[in-house]
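Encoded as structure tokens, the structure appears first; notes follow it.
Proteins come first, then strands; the chains are lettered A, B, ... in the order of their sequence lines, and each starts at number 1.
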2 protein chains.
Amino acid sequence: MATIKDVARRAGVTISTVSYAINGTRPVSEKTRAVIFQAMDDLGYRPHAMARALASKRTRILALLFSPLERGLGLTELEFVTCAADAAKERGYHLVLWSTEIHDEEDIRHLSSQGLVDGAVLMEVQEDDPRIGFLQDLKLPFAMIGRTAAGEGLLSVDIDFGRTLSDAVDHLVGLGHQRIAFLNQSREVYDSGYGPAVRGLAGFEAAIQRAGATGYRVFAHANPAGGADAIGELMNDHPDVTAIVMMNDRAIPGVIQALSERSLTVPEDVSLLSVASSPRVAEMFVPALTSMDVPSEELGRLSVEYLVSTLEDRPAEGGDLVPCTLVVRGSTGSAPQSL
Amino acid sequence: MATIKDVARRAGVTISTVSYAINGTRPVSEKTRAVIFQAMDDLGYRPHAMARALASKRTRILALLFSPLERGLGLTELEFVTCAADAAKERGYHLVLWSTEIHDEEDIRHLSSQGLVDGAVLMEVQEDDPRIGFLQDLKLPFAMIGRTAAGEGLLSVDIDFGRTLSDAVDHLVGLGHQRIAFLNQSREVYDSGYGPAVRGLAGFEAAIQRAGATGYRVFAHANPAGGADAIGELMNDHPDVTAIVMMNDRAIPGVIQALSERSLTVPEDVSLLSVASSPRVAEMFVPALTSMDVPSEELGRLSVEYLVSTLEDRPAEGGDLVPCTLVVRGSTGSAPQSL
DNA sequence: TACCGTCATCGAAACGTTTCGACTAAGCGT
DNA sequence: ACGCTTAGTCGAAACGTTTCGATGACGGTA
């Protein structure tokens, strides 16, 4: 493989000049630059990533941190990954996957101490995420998908739950629904302060209030049985509900089954709207679920962009909130006329 | 950050001795080794990945190639990714994500020419995959998840479709089913020679034959409508079918709906068995689907292990086939008594 | 005693870049 | 005609490893 030395020789200049021409670190005359680029072309030269990294102390490699435990990665998270990789590539960076127990400090330290990565993107951020402390100690720049409780000046992108739930409720109210339930994650998850669960519910309540409708809330474990139980509870307490906003992908099958067992059809008797889920999930059901799709592409992309900007001394603001977009499928319809 | 130099000084030896002690490249006396490791510990020393790569010409970074187009990554593929990353980590390697159009030679060349990666793992391999040629030209070692048509001596892991379909059919026959349908991918996909579609069907036919049962075959597009159409066709031609083996995740919702529209219940009237799918998918339905789960962990892991072995001059055999494992859930039951 | 092979260690040269200080020649104001 | 800046280039020293050839000490064999 051709090295910078070969290019220099062929162009009749020294290697430092070639380096300046490539990186624009110092001025190079128009004429010389042309000769150098010609030589590079002729030789099919590509800078050697490792050598460059060693000398410049910048690897142009980013780590994507995710924790395998927890609820496990889903389709939505998968899109973060691929979109983040694309975004990184566009900016000349690479993305390495780093799956690590969320509390394993040694493991995270290991990652950075080798000098392998310039920065990190954190997925599945928790309200009180221990990784953030580790990263700060290591002085490793990072961006988050999600937010911590405090979120003080850290780089992050997150779903705009306020706006998302507001849009969701508006859609239902627009169809004539007045008694709407919010099916959240489990109470344990909510109590632990998991961001989406907390912010989602808050957004829902605010939206309901603004719309002058009546809201019910119910929690469900992240599995079909949890969904079924939740519907049982809900229908027992509030049999007059006509629409359910769900923010719990895995509970959905149970919800649907429980409704059909009660001879309630979707969307004639009850409208269903899935929030912060992926189209792939929504289309698994019959009828396909109307949903507020997560802007995973944007989240993945923005997080990388923030990080790269910071690394290249173009400090980014961060803290952006992007709303989910409403996609109407078959599970929402006009509220039933009579009760 | 401590360097090898610091370690050497503290241990009272030269850097080359330290290097030998770390890598085991040459013998080092027990006493010296102890002193060196002590020094490393004291200083919290970690070899600098880039420097090591530059000097040894081995980066210990592997690329994971996937093409964004196609049918899009699903939950099963996601598991490949995370498991491959874990396996790589265990062996001291890193995994970078490289999403590339399957035919984009320049892009693949770009990847290797920088000397960034030692080898590649290919996901979603096609029967006649152009990437393989590129990689061979570049002399970049690689392993595949899936197989090409020829598969001549290339490193690969794949699902053992013969064994898997055989187990699936046996399970159903054991429940008394005698007329079993195989719901494949679409005819187009099958005709294009997509490996799983071809090998799956072949395995099914062989298993049916061996079991002395009757087999029907039907194709479906990878979406709910496709599934519904397929059931329509199947029930029209062969209303006596009592079990369906499905190898088409995305068509499943349509299948279930079409069955219920015909007042056929699962599993009382018809047993459903999903092949080569992920538990996550199987549990989305009511009743949860009995399935042959893809050993994604093993596939991801093995592919990395093969590649690493080859890189470290322990040539691997490759070409392993691993079967899916049967997980009985609620969608299969005894064949209906009468017809 | 002289010689040879091992074992353990040393010193120095790579690996392919970036970057710093220095040098030259040209352009400027005075 | 003088010094001063500036654009353009050079040479050499990093960056932190691995690896090769050489060296010295030691024990065994002739």
Next item on the list: Using a 4.0 Å heavy-atom cut-off across all strands, classify A/R46 as base, sugar-phosphate, or nothing.
Entry: sugar-phosphate
Item checked: Interatomic distance where CD belongs to B/E30 and P belongs to C/dA8 [whole Å] -> 10 Å
Check: Does a nitrogen or oxygen in the side chain of A/R52 sit under 4.0 Å from OP1 or OP2 of C/dT18?
Finding: yes
Next item on the list: Determine: side-chain N/O of A/T3 to OP1/OP2 of C/dG16, distance under 4.0 Å, yes or no.
Entry: no
Note to self: Salt bridge check, A/R91 against A/E305: does any charged N sit closer than 4.0 Å to a carboxylate O?
What the structure shows: yes
Next item on the list: Return the nearest nucleotide to the side chain of A/S56; candidates are C/dC10, C/dT19, D/dG16.
Entry: C/dT19
Next item on the list: Could you tell me the separation between the CD1 atom of A/I4 and the C1' atom of D/dT9, rounded to a whole number of Å?
Entry: 14 Å
Item checked: Basic-acidic side-chain contact under 4.0 Å: A/R10, A/D42 -> yes
Next item on the list: Round to a whole Å and report the spacing from CZ of A/R9 to C1' of D/dC10.
Entry: 16 Å
Check: Rounded to the nearest Å, what distance is computed from the CD1 atom of residue B/I22 to the P atom of nucleotide D/dT19?
Finding: 12 Å
Next item on the list: Give the rounded distance in Å between these two atoms: NZ of B/K5 and P of D/dT17.
Entry: 11 Å
Checklist line | Donor-acceptor pair present, A/R26 side chain and D/dT9 base, under 3.5 Å | finding: yes
Checklist line | 5′-ward residue of the pair B/L54/B/T32 relative to DNA chain C | finding: B/T32
Notebook entry, point to check: Can you find a side-chain donor-acceptor pair between B/R314 and B/S309 that sits under 3.5 Å?
Noted result: yes
Check: Hey, are A/T59 and A/D118 close enough side-chain-wise for a donor-acceptor pair under 3.5 Å?
Finding: yes
Checklist line | Whole-Å gap separating P (D/dG16) and CG (A/L116) | finding: 15 Å
Checklist line | Side-chain N or O of B/Y45 closer than 4.0 Å to phosphate OP1/OP2 of D/dT17 | finding: yes
Check: Is there a donor and acceptor pair closer than 3.5 Å between the side chain of A/S16 and the base of D/dG11?
Finding: yes
Next item on the list: Scan A/S19 against the nucleic acid and name what it touches under 4.0 Å (heavy atoms): base, sugar-phosphate only, or nothing.
Entry: base
Notebook entry, point to check: Is it true that a side-chain atom of A/N23 and a backbone atom of A/T25 form a donor plus acceptor pair closer than 3.5 Å?
Noted result: no
Checklist line | Toward the 5' end of DNA chain C, by each residue's nearest nucleotide, B/I15 or B/K57 | finding: B/I15
Next item on the list: Return the value, rounded to whole Å, for the distance between atom NZ of B/K31 and atom P of C/dT9.
Entry: 8 Å
Check: What about A/S29, does its side chain sit under 3.5 Å from the base of D/dG8 through a donor-acceptor pair?
Finding: no
Note to self: Any carboxylate oxygen within less than 4.0 angstrom of a Lys/Arg side-chain nitrogen, looking at A/K89 and A/D86?
What the structure shows: no
Notebook entry, point to check: Starting at CE of B/M40 and ending at C1' of D/dG16, how long is that distance when rounded to a whole Å?
Noted result: 15 Å
Next item on the list: For the side chain of A/T14, starting at C-beta, report the closest nucleotide among D/dC10, D/dT17, D/dT19.
Entry: D/dC10
Notebook entry, point to check: What's the closest nucleotide to the A/H48 side chain, out of C/dA8, C/dT17, D/dT17?
Noted result: C/dT17
